[in-house]
Amino acid sequence: MIIQKYKIVFAGSMGAGKTEAIKSLSEVPVLATEAFNTDDHSHKKLNTTVGIDYGEITLDDGNKVGLYGTPGQGRFDFMWGVICKGAIGTILLIDHSLKAPLDELDYYLDTFRQYSENIVIGITHIDEAMSTSTHQYRQALMNRNLNFPVFFVDARKKSDVLLLLETLITSLETKYL
Ligand SMILES: Nc1nc2c(ncn2[C@@H]2O[C@H](COP(=O)(O)OP(=O)(O)OP(=O)(O)O)[C@@H](O)[C@H]2O)c(=O)[nH]1
Ligand SMILES: [Mg+2]
């Protein structure tokens with residue numbers, strides 16, 4: 001059992017890159033609970049998370065962060081609250097290449113704001129949907145009077161995911177310290 005200062009949850013739409021983001025960051029082998037994806041209507045990907053993903057990273061200041069990944073599929077929504085228990089915040093990943101990414105953002109925001117208001121949003125798969133506007137996300141948040149940080153990232157890139165993590169921790173520090 002490790003002594004960790006922070007617990008952070010990766011949430012968001014199926015295939016957005018939650019498991020991949022944890023793999024990009026973790027300094028220990030990631031415990032990924034993936035199974036063959038039978039829901040190819042929602043997403044064509046081969047595997048999908050059916051339990052909890054877990055990884056760890058030590059920050060420059062020596063603080064250890066436990067990285068917890070949720071399953072994206074709505075049929076596992078009963079697990080989300082359990083995974084979020086005790087977390088300091090949530091990194092919400094939304095797949096830009098989906099048909100209705102704004103609806104996905106709304107759905108996951110509404111759900112995960114119940115567990116923590118400390119949220120940073122990462123829009124992924126930009127490279128796969130270059131023709132679709134990226135302005136829509138900030139506009140949608142502004143329309144709802146929400147002020148969560150939004151970044152356009154690739155979950156396969158460690159530096160991108162680290163930016164999300166550091167923003168989450170920094171925003172927590174500015175709120176509470
Ligand atoms: N092209 C592209 N691929 C990405 C990006 N981010 C993640 N991926 C890929 O998308 C695929 C799905 O990523 P996962 O990490 O399995 O997605 P997930 O959010 O864990 O999905 P569930 O567990 O099913 O909810 C993987 O092959 C990733 O490498 C991105 O920004 N661009
Ligand atoms: Mg996953």
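Residues: numbered from 1 along the sequence shown. Counting starts at 1 for both ligands and their atoms, following the listed order.
Looking at Asp39 and Gln73, their side chains come closer than 4.5 Å, going by heavy atoms from C-beta outward. The side-chain heavy atoms of Ile119 and Leu146, taken from C-beta on, include no pair separated by under 4.5 Å.
Residue contacts with ligand 1: Gly17 is placed with a nitrogen or oxygen under 3.5 Å of a nitrogen or oxygen of the ligand (distance criterion only). Between Thr48 and ligand 1, at least one N/O pair is under 3.5 Å apart. Ligand 1 has a nitrogen or oxygen under 3.5 angstrom from a nitrogen or oxygen of Ala16. Inclusion of Arg156 in the set of residues having an N or O under 3.5 Å from an N or O of ligand 1 is warranted. Polar contact check, Asp53 against ligand 1: no nitrogen or oxygen pair lies under 3.5 Å apart. For Ala21, no nitrogen or oxygen atom sits less than 3.5 Å from a nitrogen or oxygen atom of ligand 1, counting backbone and side chain alike. Residue Pro71 has no nitrogen or oxygen atom sitting less than 3.5 Å from a nitrogen or oxygen atom of ligand 1, judged on distance alone. Not one N or O of Asn47 is nearer than 3.5 Å to an N or O of ligand 1, by distance alone.
Not a single heavy atom of Asn37 sits under 4.0 Å from any atom of ligand 1. In this structure, Ser13 is part of the shell of residues with a heavy atom less than 4.0 angstrom from ligand 1.
Aromatic pair Phe10/Tyr68: ring centres not closer than 6.0 Å.
Remark: ligand 1 atoms within the under-4.0 Å shell around heavy atoms of Glu128 are 1 (N). For ligand 1, the atoms sitting less than 4.0 Å from at least one non-hydrogen atom of Gly72 are 25 (O), numbered in the order shown with element in parentheses. Of all the atoms in ligand 1, the ones that sit under 4.0 Å from a non-hydrogen atom of Asp127 are 1 (N), 2 (C), 30 (C), 31 (O), 32 (N). For ligand 1 and Val153, the ligand atoms under 4.0 Å from any heavy atom of the residue are 31 (O).
Counting protein heavy atoms under 4.0 angstrom from atom 16 (O) of ligand 1 gives one or more.
Taking 2.8 Å as the criterion, Thr49 counts as a coordinating residue of the Mg ion (ligand 2), since one of its N, O or S atoms falls below it. Distance check for Met14 against the Mg ion (ligand 2): none of its N/O/S atoms falls below 2.8 Å.
No chain of hydrophobic side-chain contacts below 4.5 Å, direct or via other Ile, Leu, Val, Met, Phe, Trp or Tyr residues, connects Ile126 to Ile91. With hydrophobic clusters built from ILVMFWY side chains whose heavy atoms lie under 4.5 angstrom apart, Ile83 shares a cluster with Val50. By the rule that hydrophobic residues join a cluster once side-chain heavy atoms approach within less than 4.5 Å of another member, Leu168 and Leu93 end up as members of one cluster.
Of all the heavy atoms in Leu67 and Leu25, the pair that sits closest is CD1-CB, 3.9 Å.
Judged purely by atom type and a 3.5 angstrom limit, Lys23 has no side-chain atom pairing as donor or acceptor with the backbone of Gly55. Put simply, the side chain of Glu27 gets close to the backbone of Thr58: a donor and an acceptor are under 3.5 Å apart. Under a 3.5 Å cut-off, the side chain of Thr49 and the backbone N or O of Glu34 do not form any donor-acceptor pair.
In this structure, Trp80 and Phe112 have tilted ring planes: the angle between them lies in the 30° to 60° band.
Heavy atoms of Thr70 found under 4.0 angstrom from ligand 1: none, in either backbone or side chain.
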